[in-house]
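Letters A, B, ... mirror the listed sequences (proteins, then strands); counts begin at 1.
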There are 2 protein chains.
Amino acid sequence: MSNTGNRKGTLKRLAAELELSVTTVSRALGGYTDVADATRQRVLDAATRNAYVPNAAGRMLVTGRSGFIGLLLPLRDRARLDPFLGEYIAGLSEALAERGRDLFMATVASRQSELDVLRHVVESGRADGIVLNRIGECDERVDYLVSRGFPFVTHGRTLEAQDRYSWVDTDGATAFADTFRWLYQLGHRRFGLLSITENMTFRRHREEGFRRAVAEQDDPQVSVVATHVPRFDVAARQQAVHTMLADTARPTAILALTDELALCALELASGLGIQVPDQLSVVGFDNIPESAFSTPGLTTFDQCTREAARQLATLLLDSLDSLDSPDGQSGTTHTLITPALVKRGSHAPAPGAPHTVHGTVPANRATTTTRGSYS
Amino acid sequence: MSNTGNRKGTLKRLAAELELSVTTVSRALGGYTDVADATRQRVLDAATRNAYVPNAAGRMLVTGRSGFIGLLLPLRDRARLDPFLGEYIAGLSEALAERGRDLFMATVASRQSELDVLRHVVESGRADGIVLNRIGECDERVDYLVSRGFPFVTHGRTLEAQDRYSWVDTDGATAFADTFRWLYQLGHRRFGLLSITENMTFRRHREEGFRRAVAEQDDPQVSVVATHVPRFDVAARQQAVHTMLADTARPTAILALTDELALCALELASGLGIQVPDQLSVVGFDNIPESAFSTPGLTTFDQCTREAARQLATLLLDSLDSLDSPDGQSGTTHTLITPALVKRGSHAPAPGAPHTVHGTVPANRATTTTRGSYS
DNA sequence: GGATGTATCCGAAACGTTTCGGGTCACAGT
DNA sequence: ACTGTGACCCGAAACGTTTCGGATACATCC
């Protein structure tokens, strides 16, 4: 007997058992000072004996906080899964768990709109904060959350008005600029840029970083052929990459916006009898697991997804805390992660180029800018 | 003006605006019949105009359901992430979203006990049901949920008393038995079994399937060397695999319980100058992304993680629905998925063996057993 | 004209928690 | 004896929803 059989442990039950008021039991458990030590001990004992856990709904209703952080998860129908989802979620929930919150997935089914789901989550009070990713150049989700004044952070950023909110992003511009310079130093002059059609901001940054470096070099010998392929259409992707490779004046160095594109180039090159890296260098971006196992191994940039996720979580939690604290001053924080280049076997000096000094490699560093808004 | 500025849309506000009672508004939105069509229309209009979304806590408190399904997610400290987490979560939340529920991660930080976290989730009422994975031969989490009578499903199963709950599992026993027979027909006689130390039930099933097939063959020429390596210790793993490969009478065929082990074998074999598949066949299990890119490509079994996850979700939702329905009869359902063999380049007839007929390959099929409990 | 039915609406309770504003009591100070 | 002063405790309201059991008004039926 004793505790078992006591379905549903509520404060009321506990209070009845102890012949105390609900108030006192609540305050004893809450650590308030106006309850006698002896009483508190009795309450604590009874609570552990009955394995009491406060009801989430009751607490939520009165405190207005759910203890949840929502991650908006669009399921583009049946397409290949974001290769980072696992790492991402692990990083987020790890950091959240350390500070007593949990993550939930606000799943967006194929026929729903992301904005609708987001609105529901926010208005229903199921989340204390939101993590957004796959940010477009203009993003209505961001606009909504900003205008609604709801706490959130993003992985990636919009093209403009980035100081309205806190974000963590990868510095693709610098990475691509550095890569161009490095490959240029290796003697490459004919470049291919494998990009995507999707209107994500990271595309813009990476392309612009590359083009800026090209412009800076100001070498008339440098030629660039760029192609944009839909991210989730395998046939179209292969077609586009094939076109680039089959050209007689094909590039000697290809920069791909994602590893998927780079791996596709590797595969097609091998099919066309093009030697990588002797005749063609390929550099990717993301460092997905497969890229360590391709032949040759893919030289690429590591995204540090898990670390980025941890930073996102911390950022969001900090801003929630500062909302609670009496001085509700909350600025926005922006973190740019410079991804680390992972050198594997898919790059080499340009064919026929003299063996020059190896170029300098972008180092791994992170920049954080915090700016308060005192409006 | 109009709607904006109306912070927090509650039923009370809506009722005031419409000069109706809270009850009527609630019933109008709830689709009850005892409200006039004209009134319902007015209510519906006002609700959309104000973008009304019911407060989750309020509803939760009175209905006792949270709309959430919990996934217990242990974060073994910093170890390599479960390669399937992403697919897994995608499959689950996809199927859940179709039926109006969402997934949340009950994260188990490194210092917490899984059981404690589970208890908190259950007793706090934050989840309507639970998904458990990484099931051990005896699993205290399963025991707790069963005795508590809380709805849950598992991916994998305990060794005994499996009919106490619903599960989805991969038929590793059949897969390993079939694989042995197949490799035997290919002429292999010296086998290596790369297993794990962890006490997961799938280990037992796969090993026993293999050993049963060996026993059935009853060929004195067949020899088996087995080794158990810790799953998350890279050095120990390499050491163990190296020992197996460095032996002069080393196996000609290695069956690995996971792709990670198989890939390790592939890598070390190449380092030792052992030709795969001519001198050594390696078969893995899981079909992780990397295994398509190894050299040679790894022959392995596909887990169909996403599909398994979908089945898990459906199973759980069905059982929740049947709890709600008047006839609360709820049985348990058990689904065994026979994984599909993915033939790539890491297998071949035994060295020196005559080129025999290729053995039959296990086909992909699924068996579902439903058994009601009418006690 | 009274009884019965029907269509429409509402008051109030309940879910479990937190918290504000007291209340009681004993004891010390004057 | 009266007033303060802590120490300790509690009643009641509030959060937003659902739902049970009426209540009202009006038409219909015998």
Side-chain angles (χ1 to χ4, degrees), chain A residues 6-44 46-47 50-68 120-128 324, chain B residues 6-44 46-47 50-68 120-128 324:
Chain A
N6 245 349
R7 282 299 72 139
K8 65 171 190 173
T10 75
L11 275 190
K12 210 189 295 183
R13 268 226 189 339
L14 226 49
E17 179 182 327
L18 292 165
E19 297 188 312
L20 284 172
S21 77
V22 171
T23 305
T24 305
V25 178
S26 173
R27 294 181 79 79
L29 294 172
Y32 285 69
T33 56
D34 64 348
V35 29
D37 285 346
T39 314
R40 154 159 308 121
Q41 207 39 250
R42 280 210 308 141
V43 172
L44 254 34
N50 293 26
Y52 169 74
V53 179
N55 176 283
R59 169 174 287 183
M60 203 167 146
L61 192 54
V62 61
T63 62
R65 334 222 61 162
S66 68
F68 280 125
H120 261 80
V121 169
V122 169
E123 306 302 337
S124 71
R126 294 196 302 169
D128 302 338
D324 284 345
Chain B
N6 243 348
R7 280 303 70 142
K8 65 172 191 170
T10 74
L11 275 190
K12 210 189 293 184
R13 270 225 189 339
L14 227 48
E17 179 181 327
L18 293 165
E19 298 188 310
L20 284 171
S21 77
V22 171
T23 305
T24 304
V25 178
S26 171
R27 294 181 79 79
L29 293 172
Y32 285 69
T33 57
D34 64 347
V35 29
D37 284 346
T39 315
R40 154 158 310 121
Q41 207 40 250
R42 281 211 308 141
V43 172
L44 253 33
N50 292 26
Y52 169 75
V53 179
N55 176 282
R59 171 174 283 183
M60 203 167 145
L61 193 54
V62 61
T63 62
R65 335 221 61 159
S66 67
F68 280 127
H120 261 80
V121 169
V122 169
E123 305 301 337
S124 71
R126 295 197 302 169
D128 302 338
D324 284 345

Any idea which heavy atoms bring [X] and [Y] closest together, and the distance?
{"X": "Y52(B)", "Y": "L29(B)", "result": "CE2-CD1, 3.7 Å"}
{"X": "G125(A)", "Y": "S66(A)", "result": "O-CB, 3.7 Å"}
{"X": "V121(B)", "Y": "A127(B)", "result": "CG1-CB, 3.8 Å"}
{"X": "F68(A)", "Y": "R126(A)", "result": "CB-O, 3.4 Å"}

Base versus backbone protein contacts along nucleotides 9-22 of chain C [heavy-atom cut-off under 4.0 Å; B, S, -] = BBBB--BBBBBB--
Anything under 3.5 Å between a donor and an acceptor, one on a side chain of residues 53-65 of chain A, the other on a protein residue two or more places apart or in another chain? List them.
unit_1 : atom_1 : unit_2  : atom_2 : d
N55(A) : OD1    : A57(A)  : N      : 2.8
N55(A) : OD1    : G58(A)  : N      : 2.8
T63(A) : OG1    : R59(A)  : O      : 2.8
T63(A) : OG1    : R65(A)  : N      : 3.3
R65(A) : NH1    : D324(A) : OD1    : 2.7
R65(A) : NH1    : D324(A) : OD2    : 2.9

Would you list the protein and nucleotides 25-28 of chain C atom pairs, both N or O, that sit under 3.5 Å from each other?
none

Sidechain-backbone polar pair: S26(B) side chain, V22(B) backbone, donor-acceptor under 3.5 Å =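 No, the answer is negative, given that no donor and acceptor are paired below the 3.5 Å cut-off.
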Sequence neighbours left out, what passes side chain to side chain donor-acceptor pair (under 3.5 Å) with T24(B)? Give chain and number order.
->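 With neighbours one apart ignored, the set is S21(B).
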Distance, nearest 0.5 Å, that separates CZ of R13(B) from CG of N50(B) |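 With rounding to 0.5 Å, CZ (R13(B)) is 9.5 Å from CG (N50(B)).
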From L20(B) CG over to L11(B) CG, what is the distance, rounded to the nearest 0.5 angstrom?
->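 The CG atom of L11(B) is 11.5 Å from CG of L20(B), to the nearest 0.5 Å.
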Does anything in residues 29-43 of chain A pair up under salt bridge (Lys or Arg N to Asp or Glu O under 4.0 Å), and if so which pairs, sequence neighbours excluded?
->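 Qualifying pairs: R27(A)-D34(A).
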Considering the terminal five base pairs at each end of the helix from dG1(C)-dC30(D) to dT30(C)-dA1(D), what angle separates the two local helix axes, rounded to 10°?
->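 If I round to tens, the end axes sit 70° apart.
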